[in-house]
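Working notes for the structure below.
Counting starts at 1 for both ligands and their atoms, following the listed order. All values below come from the heavy atoms of this structure, side chains included, with hydrogens, waters and symmetry mates left out.
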Amino acid sequence: MLGTLVLLWLGIFLFLLFITMRRPKNFPPGPTPLPLFGNLLQFNPNAPLKELDKLSQRYGSVFSIFVGGRPWVILSGQEVIREALVTRAAEFTGRPDQLMVSHILDNNGVIMSAGSKWREHRRFALTTLRNFGLGKHSMEERILEEVKHICERLERHAGMSMDPQNLFHNAASNIICSIIFGSRFNYEDDYFQTLIDRMQEFNKIVISPWAMIYDIIPPVRCLPLPFRKAFEHYEKLRAHILKVVAEHKNSWVAGKPRDMIDYYLDEMLKRAGQGLSFDDTQMVALLFDLFLAGTDTTSNTLRTLSLYLMTHEQIQERCQQEIDMVLGSREHVSYEDRHAMPYVQAVIHEAQRVSDVAPLGLFHTTTANTQIRGYSIPKGTLIVPYLSSALREKGQWKFPDEFNPQNFLNDKGEFVKPDAFMPFSAGPRVCLGEGLARMELFLILVTILRRFRLVWPEDGGVPDHSLIFGGTQSVKPYCLGVQLRL
Ligand code: HEM
């Protein structure tokens, strides 16, 4: 009897789900969904981007798929992505508020927030990062300080090889720590490693199939399933940030900011009594966002970049010639030097293109009923800017399918950036850390190549440039051969 009831209930649930899985009138087309999972089962979890490419060939640059009972609109190719995120930005800058990550972050901070809370915090964070560019302990100095530690570690491995994953990850985390907390950690510090491990675990879970199950089947949310770990990690990381904030409050001198926390405390003082959303909760969420968004992205790019340099020796040597010529006997590189290094710039951008770090960007939602390419998109629809499609788009690149810096050089050897280069996305939601990431990639690469030759180790097997799919993609683990340059 009970079994029959359960089956009946399940049948009604699936039927209701199925009838809600109809595309609204004039909605972007796409494959027919199945009950409960929508189109999910049609995707090979290891190569979902291939499936998106096929759908785009079949349905055009705007199409839709169902994930569970919810339709996602996919924007494929640079033109339509720009049309939505730049030209029609006002209607395409929302963020979904029903995903697991939105629930964990409670739509606070900057990544998952929207409306005036997002705008005010985004403006604050951008201004603060810009202020760091000018201040005494500038962003550039903080990055160069970290580069010293990277080089020390590489030097210890000169003549040998090492897996660069932890090194680049620690370095990228430390740069963020230095900017937001005012101090860096020793790479060997256990506490630091625990923080980084937690953050990586959090990152993994929020883009795992468990997160999808959380999103698709609301009744399971309260069960003790592996996604609960993400909530735990967030609480522990939040507690760490709160502790640092409390310490800052004891030593903070208004108007004399040392780091982003101090800038935020100044801002809270300035806005006191104005009823705006600058408070401890938002501060912690913002700091968490910067830590979350600024680590994997940069370190994965550095790993892919190093792999390509090892396997493309001539490109590496040409970078070194340019670096030697521009820097001469000067001790340090400066970010200004990039203008005199078009080839190095082209190599970094090309590495970003093939790294394809955030293939689906971050999801947006529509903030009003709108239209794109003649299709009607209701308010609240989830939008996926398929950034990867632009980075590999035929007709936009001289060599879309190979690693070739010529993609960013004109006939005169000058550096040029095609419109389809959008690893940071576009429009008002464009990556908030773009300036910082660019500076990091340039200063780290130039300093490393000036002192070291990167070589593919003899026992390294066959180099594999393929990417492991994820919210942030990366190449598989490999060993970096390091030799000191004379
Ligand atoms: C957002 C890429 C480094 C902070 C984004 C987005 C992308 C992206 C694709 C989504 C934009 C959108 O919603 O349309 C990258 C890449 C990086 C990088 C490829 C490095 C190579 C950083 C760094 C930081 C950072 C170093 C830290 C300062 C953020 C934040 C957002 C964001 C806070 C959310 C912006 C908003 O919602 O307004 N990033 N990012 N990113 N990124 Fe980055």
Any side-chain heavy-atom pair of Lys236 and Leu195 under 4.5 Å
no
Please check this pair: side chain of Asn407 against backbone of Trp397, looking for a donor-acceptor N/O pair closer than 3.5 Å.
no
Identify, by atom number and element, the atoms of ligand 1 in contact range of Leu387, meaning under 4.0 Å from any of its heavy atoms.
9 (C)
Just wondering, more than 12 heavy atoms not from Lys229 lying within 6.0 Å of its NZ?
no
Under 3.5 Å: N/O of Arg95 near N/O of ligand 1:
yes
What residue and heavy atom of the protein are closest to atom 30 (C) of ligand 1, and at what distance?
Leu432 CB, 3.7 Å
Any atoms of ligand 1 less than 4.0 Å from a non-hydrogen atom of Ala437? List them with their elements.
3 (C), 20 (C)
Considering only NZ, NE, NH1 and NH2 on the basic side and carboxylate oxygens on the acidic side, decide whether Arg70 and Asp215 come within less than 4.0 Å.
no
Which atoms of ligand 1 sit under 4.0 Å from any heavy atom of Leu362?
1 (C), 10 (C), 13 (O)
What protein heavy atom lies closest to atom 3 (C) of ligand 1? Include the residue and the distance to one decimal.
Thr297 OG1, 3.4 Å
Using heavy-atom distances only, which candidate in Ser355, Ala293, Ser113 approaches atom 4 (C) of ligand 1 most closely?
Ala293
Could you tell me whether some N/O pair between Arg429 and ligand 1 is separated by less than 3.5 angstrom?
yes
Less than 4.0 angstrom from a charged side-chain N to a carboxylate O is my criterion; do Glu146 and Arg184 meet it?
yes
Dump the intermediate steps for ring-ring contact (aromatic ring centres under 6.0 Å, His included) on Phe421 and Phe408, then the final yes or no.
CA-CA 10 Å; Phe421 181 75; Phe408 291 90; 5.3 Å; yes
Among non-hydrogen protein atoms, atom 34 (C) of ligand 1 lies closest to Ile111 CG1, 3.8 Å
Examine the proximity of ligand 1 to Val110 and report which part, side chain or backbone, both or neither, has a heavy atom under 4.0 Å away.
both
Salt bridge check: are Glu350 and Arg353 linked by an N-O gap of less than 4.0 Å?
yes
Which of the ligand 1 atoms, numbered from 1, are nearer than 4.0 Å to a heavy atom of Pro423
2 (C), 9 (C), 19 (C)
Below 4.0 Å from any atom of ligand 1, is there a heavy atom belonging to Phe363?
no
Asp259 side chain to Asp262 backbone, donor-acceptor under 3.5 Å:
yes
Return yes if some donor-acceptor pair links the side-chain N/O of Ser183 with the main-chain N/O of Ser178 below 3.5 Å, else return no.
no
Report the member of Cys431, Ala358, Gly435, Pro359 with the shortest heavy-atom distance to atom 40 (N) of ligand 1.
Cys431
For Ser425, counting its heavy atoms only, list the atoms of ligand 1 lying under 4.0 Å from any of them.
11 (C), 12 (C), 14 (O)
Compute the shortest N/O to N/O distance between Arg122 and ligand 1 and return yes if it is under 3.5 Å, no if not.
yes
Around atom 28 (C) of ligand 1, find the nearest protein heavy atom and jot down its residue, atom name and distance.
Gly433 CA, 3.7 Å
As an exercise, identify every atom of ligand 1 less than 4.0 angstrom from a heavy atom of Thr298.
20 (C), 26 (C)
Considering the heavy atoms of Gly294, write down every atom of ligand 1 situated less than 4.0 Å from one of them.
22 (C), 23 (C), 24 (C), 26 (C), 27 (C)
Is His364 in polar range of ligand 1, meaning some N or O pair under 3.5 Å apart?
yes
So for atom NZ, which belongs to Lys398, do other residues, nucleotides or ligands contribute more than 12 heavy atoms lying within a distance under 6.0 Å?
yes
So is there a nitrogen or oxygen of Gln352 less than 3.5 Å from a nitrogen or oxygen in ligand 1?
no
So, Glu83 and Arg373, do they make that salt bridge, N to O below 4.0 Å?
yes
Given side chains that start at C-beta, do those of Tyr264 and Pro257 come closer than 4.5 Å, heavy atoms only?
no
Measure the distances from the heavy atoms of Pro385 to every atom of ligand 1 and state whether one is below 4.0 angstrom.
no
Tell me which part of Thr301 gets within contact of ligand 1: side chain, backbone, both or neither, using heavy atoms under 4.0 Å.
side chain
Would Glu188 and Arg153 pass as an ion pair if we require N to O under 4.0 Å?
yes
